[in-house]
Structures are given as structure tokens and as C-alpha cells.
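Everything on this sheet refers to the single structure shown next.
Both ligands and their constituent atoms are indexed starting at 1 by order of listing.
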Amino acid sequence: MKHDIWFNGKLVPYEEATVHVLSHVIHYGTSVFEGIRCYNTKEKGPAVFRLREHMERLVNSAKIYRMDIPYSLEELETATMETIANSGLESCYIRPVVFRGMGRMGVNPLHNSVDTVIAVWEWGAYLGPEALEQGVDVKVSSWSRMAPNTFPALAKAGGNYINAALAKMDAVLTGFTEGIMLNTDGFVAEGSGENLFVVVGGKLYTAPVGLSILPGITRDAIITLARDLGYSVEEKVIPREALYIADELFFTGTAAEITPIRSVDKYTVGKGRRGPITKALQEAFFEVIHTGKDPHGWLTPVPVAMGVN
Ligand code: PPE
């Protein structure tokens, strides 16, 4: 866990990557961030999954919050590769975060610094070691996703996760692994840190981006892989009770990858274990990230010159 962290342009020792308690972000949640994975692929060695798309989302999140990141996309990508190479990790989770730092106190962040950090660490199965095979038990959260025109859902902003944390705590403290949040109209949005897919009659459905979800990069990859396999995928408004009568349900996300859901609110989903379409999609996804077969150009190998592979 204690790898050097890229902080405003250079790698610094883990212990030195600190901020002042009066940083704007601590008081007002003014940060945007990403979660990215680097996989040690069989054919290409360590390679980052959809680095460009993640960095584009980071830059867009920052733009929404009027933060000017003083680095180009290319510089952020190079910095990511340097941080990975320096860590010596062959597979890792990558966390870029851009935040409002020191300047003035008060809500207005426009006079505060924009600081940029990239950290890496080893992160295993997000929803537990058995989750990818056995599936997880989840509940519909008593907390809703933020309404449109409150917090922008397309921005992956730190402050959004105070809502996600309420849903996650509500789930784990009542004996579930994760909470599914509805939007403020009561339609299915997503998990606290994952998008959600519903399988019914051999077809896949997922909430449209306008329903206050994060436009997940794994979600996009799964839509592509499902269509490659010949499945129909539709973005559709999903009522809560559709979860109870679905054939299969699964989460997608960088951290969660593709995690099957075996029950919701104590209703058994399908046969109560990973379904065949979920399994086929996991296999297609793992073929890319573990083997390194990359028909869609999603992998960026960590440059050999940097020294990991
Ligand atoms: N919705 C939310 C709310 C979300 O946080 C994530 C990622 C996704 C969907 C899936 O997006 P993508 O990773 O682009 O497929 N959540 C990140 C943070 C999790 C955390 O606990 O921190 C992640 O998976 O990296």
C-alpha cells in the first residue's frame, strides 16, 4: 500500500503526500476522481484498462466543477504510467484525484488551488473474494441517488460519495453487501459504486445515463462485449420490482468488475447464483483483462522502458 504518490507533477514518498486540514476539499467535498485498473495480462504484461476514457472523464468532471487541471491528458497518462512503474506492482488499482486545496475559506472554491494526485495500490475483489462466482446479496437502499440539477451525476465528484456512503452503510449495517439506489422518481439507478444490468428473456437492460447514474466505463465495455456476443442491450427505465423478477442481475465497475447479484431485498434472483449470461460476459471481459486479447483497443501496456515488465 505504501507506494510513492504522484503529487502535483512529481513522485513523492507515501508519507509526504499530505494536505493541510484547511484544504477546501476537506470542508466542502470539492474533488473529482477516477478509479482505474492495471492488469498483468498474459500477452501484453501490465496494461491499463481504458486509460484514455478514464482520464477524459476526469477532465470532464473537473470542467463541470470549473477546475482547470494544469496537465494535459497525455501528461496525466504518462504520470499514471510512471506511478505504476515506480510502484513495481504488476496489477493495481489507480486513483487519480483532483481537488481544491489551499486558498480562501468559504464555499466559493474559485480562489483555491487545484491539486492533482495519482496513487496506486493493490485492490482485490471489491465485494468480497467469493462475490465474482457466488454473487452478492443486496437491498434497495432507503437512500435515493441525487436528483437531476442537484449534483451533476456525470461528474465523478468526491461529494457525490457522501450519498453513496449513506447507501453503503445502510446496506452493510442491515446485513447486505451493497445497496441499489433508485433515482428520485423511484426508478433503478445504480449501486453505491457500480452500475447495474438486468437480464430478462435473454436480453440486457441498464438505466439510461439521464437517470442520475455515473456513465460507467465498465458499463460501456459490457454493452460492447454483450453486443459482440449477439445479445441485445437496451438503456431503459427500470422499475424497482423488475429487479425481483429478473432472470439475472449484475453490477459492473472498475473495482467490482462484473459481480453477479443473487438476491435483492431477500427475493432470490433467478436460480440464486451466477446466471449463464453473466458468466459469458465475465469470460469475455476476463479474456481482455487477463489474457490481453484486445479487439477494441482498451489496453495500454505500461511501457517496458519504465521498468515493470
Ligand atoms: N457508479 C458509481 C456510483 C461508481 O462509483 C462507479 C465506479 C461506477 C458506477 C462504475 O464506473 P466505472 O468504474 O467507470 O465502470 N466506482 C469506483 C469507485 C469505487 C470506490 O469504492 O472507490 C470504482 O469502481 O473504481
Side-chain angles (χ1 to χ4, degrees), residues 1 29 31-39 48-61 80 91-99 117-128 131-132 136 138 141 143-147 150-172 177-183 188-197 206-226 233 235 238 249-259 261 281-282 285 288-289 296 298:
M1 180 92 188
S31 67
V32 295
F33 70 101
E34 273 305 317
I36 315 173
R37 277 193 193 264
C38 174
Y39 292 99
V48 180
F49 185 70
R50 306 197 74 176
L51 178 59
R52 176 51 61 104
E53 289 88 341
H54 280 284
M55 285 307 179
E56 281 173 350
R57 190 170 66 186
L58 181 72
V59 168
N60 286 336
S61 298
T80 301
S91 57
C92 60
Y93 185 85
I94 305 152
R95 169 58 51 83
V97 49
V98 178
F99 60 92
V117 166
I118 303 170
V120 297
W121 62 83
E122 283 180 283
W123 215 3
Y126 186 58
L127 297 174
L132 293 178
V136 290
V138 309
S141 181
W143 294 98
S144 301
R145 277 290 281 179
M146 60 277 203
T150 60
F151 300 86
L154 300 193
K156 191 168 170 63
N160 292 354
Y161 286 80
I162 199 140
N163 165 254
L166 286 170
K168 184 77 184 186
M169 291 188 289
D170 168 52
V172 299
T177 301
E178 183 56 288
I180 294 174
M181 281 189 276
L182 308 179
N183 76 348
V188 174
E190 61 179 349
S192 76
E194 314 86 0
N195 293 117
L196 179 77
F197 283 78
T206 192
V209 163
L211 247 64
S212 301
I213 63 161
L214 182 75
I217 291 162
T218 320
R219 171 184 180 276
D220 177 77
I222 294 314
I223 292 173
T224 303
L225 293 175
V233 188
E235 295 184 64
I238 301 165
L249 293 178
F250 60 87
F251 285 129
T252 65
T254 299
E257 299 178 317
I258 304 174
T259 301
I261 297 169
L281 289 167
Q282 280 183 331
F285 183 62
V288 177
I289 60 175
H296 298 288
W298 288 338

Could you tell me whether the side chain of I36 reaches within less than 4.5 Å of the side chain of C38, counting heavy atoms only?
-> no
May I ask you to test the L196-I261 pair for a side-chain heavy-atom distance under 4.5 Å?
-> yes
Using atom types as modelled and distance alone, determine if a side-chain donor or acceptor of S61 lies under 3.5 Å from a backbone N or O of K156.
-> yes
Please work out whether the ring planes of W121 and Y93 are parallel, tilted or perpendicular, with thresholds of 30° and 60°.
-> tilted
Distance to 0.1 Å, residue and atom name: give those for the protein heavy atom nearest to [atom].
atom: atom 6 (C) of ligand 1; result: G193 O, 3.3 Å
atom: atom 23 (C) of ligand 1; result: Y93 OH, 3.4 Å
atom: atom 19 (C) of ligand 1; result: Y126 OH, 3.4 Å
atom: atom 13 (O) of ligand 1; result: T254 OG1, 2.5 Å
atom: atom 5 (O) of ligand 1; result: Y161 OH, 2.4 Å
atom: atom 22 (O) of ligand 1; result: R95 NH2, 3.0 Å
atom: atom 24 (O) of ligand 1; result: A255 N, 2.9 Å
atom: atom 1 (N) of ligand 1; result: E190 OE1, 2.7 Å

Strictly by modelled atom types, are E257 and T218 linked by a side-chain donor-acceptor pair under 3.5 Å?
-> no
Give the atoms of ligand 1, by number and element, whose distance to some non-hydrogen atom of [X] is under 4.0 Å.
X: G35; value: 25 (O)
X: G253; value: 10 (C), 13 (O), 15 (O)
X: I217; value: 12 (P), 14 (O), 15 (O)
X: G216; value: 11 (O), 12 (P), 14 (O), 15 (O)

Hey, is E34 close enough to R95 for a salt bridge, meaning N to O under 4.0 Å?
-> no
Could you tell me which non-hydrogen atom of R37 sits nearest to which non-hydrogen atom of T254, and how far apart they are?
-> NE-O, 2.8 Å
Check if [X] has a non-hydrogen atom at a distance under 4.0 Å from any atom of ligand 1.
X: R37; answer: no
X: S192; answer: yes
X: K156; answer: yes

Could you tell me the separation between the OG1 atom of T252 and the CG atom of N195, rounded to the nearest 0.5 Å?
-> 4.5 Å
Partners passing side chain to side chain contact (heavy atoms under 4.5 Å, CB included) against D220 (at least two apart in sequence or in another chain) | R50, T224
Set of residues satisfying ring pair (Phe, Tyr, Trp, His ring centres under 6.0 Å) with respect to W143, sequence neighbours excluded = none
Which segment of R50 sits under 4.0 Å of ligand 1 when only heavy atoms are counted | neither
What part of E34 sits under 4.0 Å from ligand 1 if we count only heavy atoms: the side chain, the backbone, both or neither?
-> neither
Looking only at distances, please establish whether an N/O atom of ligand 1 is found under 3.5 Å from an N/O atom of W123.
-> no
Near-ring test F33/Y161, centroid separation under 6.0 angstrom | yes
